[in-house]
Trainee: 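Please read through the structure below; I'll follow up with questions.
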Protein chains: 2
Amino acid sequence: MPSDTIRAALIRRLRVSSAITDEDIKEIEALPISVRQYPAEMAVVRDGERATDCCLIVDGFCARSKTIASGKRQILSLHIPGEIPDLMSLFLHVMDHDLSTLTPATLGFISHDNLQKLHRRSPEVAEMFWRDTLTDAAMFREWIVNVGQRPAPARLAHVMIELRERLRLIGRLDGDSFEMPLTQEQIGEALGITAVHANRVIKQVRQDGIVEFNRGRVTVLDERKFQELADFDGRYLHQSPTL
Amino acid sequence: MPSDTIRAALIRRLRVSSAITDEDIKEIEALPISVRQYPAEMAVVRDGERATDCCLIVDGFCARSKTIASGKRQILSLHIPGEIPDLMSLFLHVMDHDLSTLTPATLGFISHDNLQKLHRRSPEVAEMFWRDTLTDAAMFREWIVNVGQRPAPARLAHVMIELRERLRLIGRLDGDSFEMPLTQEQIGEALGITAVHANRVIKQVRQDGIVEFNRGRVTVLDERKFQELADFDGRYLHQSPTL
DNA sequence: CCGCGTCCTTAACTTTTGTTGGAACCGGGA
DNA sequence: TCCCGGTTCCAACAAAAGTTAAGGACGCGG
């Protein structure tokens, strides 16, 4: 895969939330990235591990999660191409959660050393990455609200719309449908419900003619009802060069 | 209140997670801070507002929260003296949640301008603050797990222990008891349950002789059972100068 | 083309949590 | 002191979600 393709998604995404200069782009393009292929359902970094690189998703989907003593797993976030899900490991060296692939994925690894150097050299780029980790935190806040306060069908719709809005930015929408490559088990883990209940909820929204979910693909049937159900306000995504 | 008292808690806390130098301390001590008194239950910054300052808690307790369309409120985090709960506003200017006091509080406001200047001048201090927002995010991740996966009594115990471990750092423990100035309504909002159920759960842990909760104060009755119930692993607090 | 495993689906039943409404308690202000 | 508003506490009932178990669909590899 050509080097510019690898970096393209990242730069496109940074451009959305920060005013990125040509100079910054050059800095980022100079970053050495080592690319590796991963199968689906594979751990990239594990809770407790000490990371030495950050992981850029070139292609495929990833998720972050934590597993508690009882064995239950909670999915914390979904990640799509162009994102660096473990940017936080740059300064929080020991991981407090897992990062793993959902689908087969192409991942690019950037060493902490090089990122640190870049950070020292250019406060602007540092600021950009910092902002990136801040929107990450903003998404966690909304995820807390989702799991803590919304009824299960709304939770489902909300996660779907969040993913859709992010996919939109990288041009990955396909009309009124988009990829969401999770099993019902994993949807349950994302919403804080069991797989059985996830199935019930999916059945419900399907019967209500709101949204169809099939083999990792979401198809919106009634946009109005979908929005209404999700109670979605995308401000927390901070998708504009905020002054 | 003397200026060093105002900054003392902040510096103490930063010292915990970063290797702070004397030079850095001087930088921070030079920061102009304007102090204001707030009553209990008062909004400091509101969702949607554009912040121009960050807020250092000098004394008192604060909480961050989001309110959804249905009117339900979710508490996202609790904050104690020495913390800067809205540091994120430095780069995410428009707030995506509320910050408000729980108790009467003394708050110190530091302008974004001055923080930005400091950030440009000293990458070390910038890194320290960045790390601060990263542990903030780590706490959100654990909060997601708490609300998403643990049974209600464990949620309660977990939030209590997290608060205790943080209070410990600033020397605010009082034997086997500590302050947690929330009403049962607010505890419900923190745990993602109703106030009625919060009451049930408190009653339960009280009857089990695990922990007593009374007028904003937690008293641990059986430390072993308490720990076991909470399923607490403090690694996510990143409370040590991680290399 | 068959067999196997994963995922989806559903039913019946249990447990947890929400809802409603009301009583008791408590502290602060008139 | 007494009253008032906000808590705390509780019970009865309703709804949501968890558990267990089992059949069916589907894709993959032999």
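In the text below, chain A, chain B and the rest are named by the order of the sequence lines, each starting its count at 1. In this text the structure is predicted, and so the values were computed from the model without any measurement.
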Trainee: Give the rounded distance in Å between these two atoms: CG of B:Leu191 and P of C:dT16.
Mentor: 16 Å
Trainee: To the side chain of B:Ala152, which of D:dC10, C:dC8, C:dT17 is closest?
Mentor: C:dT17
Trainee: Quick one: the side chain of B:Arg215 and the base of C:dG27, do they pair up donor-acceptor inside 3.5 Å?
Mentor: no
Trainee: Using atom CG of B:Leu102 as one end and atom P of D:dT7 as the other, report the distance to the nearest whole Å.
Mentor: 12 Å
Trainee: Ignoring hydrogens and angles, tell me if any N or O in the side chain of B:Asp98 forms a donor-acceptor pair with the backbone of B:Asp47 under 3.5 Å.
Mentor: yes
Trainee: Rounding to an integer number of Å, can you tell me how far B:Arg155 CZ sits from C:dT16 P?
Mentor: 13 Å
Trainee: Among C:dT9, C:dT19, C:dG27, which nucleotide has an atom closest to any side-chain atom of B:Val196?
Mentor: C:dT19
Trainee: Name the nucleic acid region contacted by A:Gly192, choosing base, sugar-phosphate or nothing; use a 4.0 angstrom heavy-atom cut-off, strictly under.
Mentor: sugar-phosphate
Trainee: What is the nucleic acid contact for A:Thr194, judged by heavy atoms within less than 4.0 Å: base, sugar-phosphate only, or nothing?
Mentor: base
Trainee: Given C:dC7, D:dA17, C:dG18, identify the nucleotide with an atom nearest to the side chain of A:Arg200.
Mentor: D:dA17
Trainee: Are any side-chain N or O atoms of A:Glu212 and backbone N or O atoms of A:Arg206, one a donor and one an acceptor, separated by less than 3.5 Å?
Mentor: no
Trainee: Please determine if a side-chain N or O atom of B:Lys203 lies less than 4.0 Å away from the OP1 or OP2 oxygen of D:dC9.
Mentor: no
Trainee: A:Asn199 side chain N/O closer than 4.0 Å to the phosphate oxygens (OP1, OP2) of C:dC8?
Mentor: no
Trainee: Just checking, any donor-acceptor pair under 3.5 angstrom between side chains of B:Arg73 and B:Thr67?
Mentor: no
Trainee: Once you measure the plane-to-plane angle for A:Tyr38 and A:Phe109, does it fall in the parallel (<30°), tilted (30-60°) or perpendicular (>60°) bin?
Mentor: tilted
Trainee: Specify the separation, in whole Å, of atom CZ of A:Arg206 and atom P of C:dC8.
Mentor: 10 Å
Trainee: Tell me which nucleotide among C:dC8, C:dT17, D:dG18 gets nearest to the side chain of B:His197.
Mentor: C:dT17
Trainee: Do NZ/NE/NH1/NH2 and the carboxylate oxygens of B:Glu228 and B:Lys225 come within less than 4.0 Å?
Mentor: no
Trainee: Round to a whole Å and report the spacing from CD of A:Gln186 to C1' of C:dC8.
Mentor: 14 Å
Trainee: Just the rounded figure in Å: distance from P of D:dT7 to CD of B:Glu189.
Mentor: 11 Å
Trainee: Distance check needed: D:dC9 C1' versus B:Gln204 CD, whole Å only.
Mentor: 15 Å
Trainee: Considering heavy-atom distances to DNA chain D, does A:Ala198 or B:Leu182 have its closest nucleotide positioned more toward the 5' end?
Mentor: B:Leu182
Trainee: Taking the nucleotide of DNA chain C with the nearest heavy atom to each, does B:Val201 or A:Gln184 sit closer to the 5' end?
Mentor: A:Gln184
Trainee: Rounded to whole Å, please give me the gap between CG in B:Asn214 and C1' in D:dT8.
Mentor: 10 Å
